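Taking it in order: structure first as structure tokens, then the write-up.
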Amino acid sequence: MLPTIEGIYHNLYRTYGPQYWWPADTPFEMMIGAILVQNTAWTNVEKALDQLKDHLDPRAIHELSDQELESMIRPSGFYRMKTQRIRAFLSWYEMYDYDPKRLASKSTKELRQELLHIKGIGSETADSILLYAFNRHVFVIDAYTKRIFNRIGFDLDEKYEAIQQFFEMHLPKKVSIYNEYHALIVEHAKRFCKTKPLCEQCPIRTSCRQLI
DNA sequence: TTCCAGGTTC
DNA sequence: GAACCGGGAA
């Protein structure tokens, strides 16, 4: 018998405690972090954000040349590409005067569509922004989610939205749970459910099919 | 020193 | 399916 999605949540929460995501001081910093973390370890994003810290404001970034921005975010990798993605994001955000309050009246679906139309923002980045910058109830799916739950015994090989729907269907519709759950998944994937998993020491091994 | 992990676009 | 990338692990 497979454990339930909600049961695994409680198990992880009991193990790791609350994660208080996203690690950012402002919604804007969160959104920049979401772009920088694409295909990248968070430790490298921290270095990039640290070098950007005096410019962590949309107008300040707008003032930077491509070359300056590229060199500041270099440690996060894919820096030329990410510079262009930040530019594309900023020109969308500028239409709302860089003011998240101006986006508050949009439905989640509408906001998601707008984010997805920005070149360089795909499903995962859009949903991270919706959840962690706008507090919308959207469950974020990433490579860690698929890896952990496939190992546990679920069959998550469908496309992004289908997997997302599956999680949302099995969870209470609460932003706080979506927020913590994704953060806990990331923590668990980094500590134990790595590419090369540490099953012997895994705190949730008893509910995992991988080990049996 | 090479190898690996990882979202998005085209 | 390749290309984009720096940093940490092997």
Side-chain angles (χ1 to χ4, degrees), chain A residues 19 21-24 28-53 55 61 64-93 111-134 136 138-152 156-167 178-179 181-202 210:
Chain A
Q19 304 296 303
W21 269 30
W22 179 290
F28 182 70
E29 183 181 345
M30 185 279 145
M31 298 186 266
I32 295 300
I35 293 171
L36 294 180
V37 81
Q38 293 171 352
N39 310 0
T40 306
W42 182 253
T43 50
N44 296 339
V45 176
E46 281 180 325
K47 289 170 196 158
L49 285 173
D50 193 54
Q51 306 199 67
L52 257 186
K53 67 176 181 296
H55 310 268
I61 290 186
L64 298 172
S65 66
D66 279 355
Q67 215 173 28
E68 289 171 316
L69 186 51
E70 284 175 3
S71 74
M72 284 189 253
I73 67 171
R74 197 164 201 277
S76 75
F78 304 95
Y79 58 92
R80 290 189 205 90
M81 182 184 247
K82 285 174 180 175
T83 290
Q84 293 317 307
R85 291 180 180 184
I86 288 171
R87 294 275 187 237
F89 169 74
L90 279 182
S91 56
W92 168 77
Y93 203 29
L111 192 49
R112 186 173 199 269
Q113 277 313 112
E114 291 206 17
L115 288 168
L116 288 175
H117 280 123
I118 301 169
K119 194 186 282 188
I121 296 193
S123 319
E124 185 185 332
T125 307
D127 288 343
S128 300
I129 290 174
L130 288 169
L131 177 60
Y132 292 108
F134 292 97
R136 305 300 180 105
V138 171
F139 196 86
V140 178
I141 303 299
D142 65 353
Y144 294 152
T145 311
K146 293 179 202 160
R147 183 164 80 206
I148 292 174
F149 287 85
N150 276 325
R151 282 176 179 164
I152 290 175
L156 300 187
D157 289 319
E158 313 123 271
K159 65 180 228 256
Y160 186 97
E161 277 78 8
I163 300 174
Q164 179 177 53
Q165 231 191 335
F166 175 75
F167 276 86
Y178 289 9
N179 178 319
Y181 206 166
H182 177 65
L184 288 164
I185 285 169
V186 172
E187 184 64 14
H188 182 60
K190 287 185 182 163
R191 300 257 282 259
F192 298 97
C193 210
K194 306 155 168 279
T195 315
K196 198 173 168 328
L198 305 173
C199 295
E200 300 72 22
Q201 313 154 48
C202 176
Q210 173 88 355

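Sequence lines set the chain letters: A, B, ... in the order given, protein chains first and strands last, and positions in each chain run from 1. None of these values were measured; they are calculated from a predicted model.
- Checking side-chain atoms of Glu124(A) against main-chain N and O of Tyr160(A) turns up no donor-acceptor pair under 3.5 Å.
- Nucleotides dT1(B) and dC5(C) are separated by 23 Å at their P atoms, to the nearest Å.
- The shortest distance between side-chain heavy atoms of Lys82(A) and Thr40(A) falls below 4.5 Å.
- The distance from atom CZ of Phe78(A) to atom P of dA2(C) is 15 Å, rounded to the nearest whole Å.
- Remark: the backbone N or O of Asn179(A) is paired with a side-chain donor or acceptor of Tyr132(A) at under 3.5 angstrom.
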Test salt bridge (charged side-chain N to carboxylate O under 4.0 Å, His left out) on Arg112(A) and Glu161(A) and set out the steps.
CA-CA 12 Å; Arg112(A) 186 173 199 269; Glu161(A) 277 78 8; 3.2 Å; yes
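- Contacts with DNA chain C (heavy atom under 4.0 Å) in residues 113-131 of chain A: none are found.
- Of the P atoms belonging to dA10(C) and dG6(B), the separation is 14 Å, rounded to the nearest Å.
- Of the charged side-chain nitrogens involved, none lies within less than 4.0 Å of a carboxylate oxygen, so that Arg74(A) and Glu70(A) do not count as a salt-bridged pair.
- For the OP1/OP2 pair of dG6(B) and a distance below 4.0 Å, the side-chain nitrogens and oxygens of Arg147(A) include at least one atom meeting the criterion.
- Nucleic acid contact class of Arg85(A) (heavy atoms, under 4.0 Å, all strands): base.
- Straight-line distance from the CD1 atom of Ile73(A) to the P atom of dC5(C): 10 Å, rounded to whole Å.
- The distance from atom CZ of Arg80(A) to atom C1' of dT8(B) is 17 Å, rounded to the nearest whole Å.
- Rounding to whole angstrom units, CD1 of residue Ile163(A) and P of dG7(B) are separated by 13 Å.
- Within a 6.0 Å radius of CD in Gln67(A), no more than 12 heavy atoms belonging to other residues, nucleotides or ligands are found.
- In this entry the distance linking CD of Glu161(A) with C1' of dG7(B) reads 14 Å, nearest Å.
- Protein atom CG of Asn39(A) is 11 Å distant from nucleotide atom C1' of dA3(C), rounded to whole Å.
- Residue contacts shown for Tyr160(A) are absent, as no nucleic acid heavy atom lies under 4.0 Å away.
- When the P atom is compared between dG8(C) and dT8(B), the two are found 23 Å apart, to the nearest whole Å.
- Regarding contacts with the backbone of dG6(C), a side-chain N or O of Tyr79(A) is found under 4.0 angstrom from either OP1 or OP2.
- Following rounding to the nearest Å, Glu70(A) (CD) and dG6(C) (P) show an atom-to-atom distance of 11 Å.
- Paired with Ile32(A) under the rule side-chain contact (heavy atoms from CB on, under 4.5 Å), one option of Ile73(A), Val37(A), Leu52(A) passes, and it is Leu52(A).
- Between Lys196(A) and Gln38(A), the residue whose closest nucleotide on DNA chain B is further toward the 5' end is Lys196(A).
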Nucleotides 7-10 of chain C: which of its N/O atoms have a protein N/O under 3.5 Å away?
unit_1	atom_1	unit_2	atom_2	d
dG7(C)	O4'	Asn44(A)	ND2	3.3
dG8(C)	OP1	Lys47(A)	NZ	2.7

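- Salt-bridge annotation for Arg87(A) and Asp66(A): present, with a side-chain N of the basic residue lying under 4.0 Å from a carboxylate O of the acidic one.
- Computed from coordinates, the Lys194(A) NZ to dG6(B) P distance equals 11 Å when rounded to whole Å.
- Here Thr40(A) does not reach the OP1 or OP2 of dG6(B): none of its side-chain N or O atoms lies under 4.0 Å away.
- Checked against a 6.0 Å centroid threshold, the rings of Phe167(A) and Tyr178(A) do not count as neighbours.
- With hydrogens and angles disregarded, a donor-acceptor distance shorter than 3.5 Å links the side chain of Glu68(A) to the backbone of Ser65(A).
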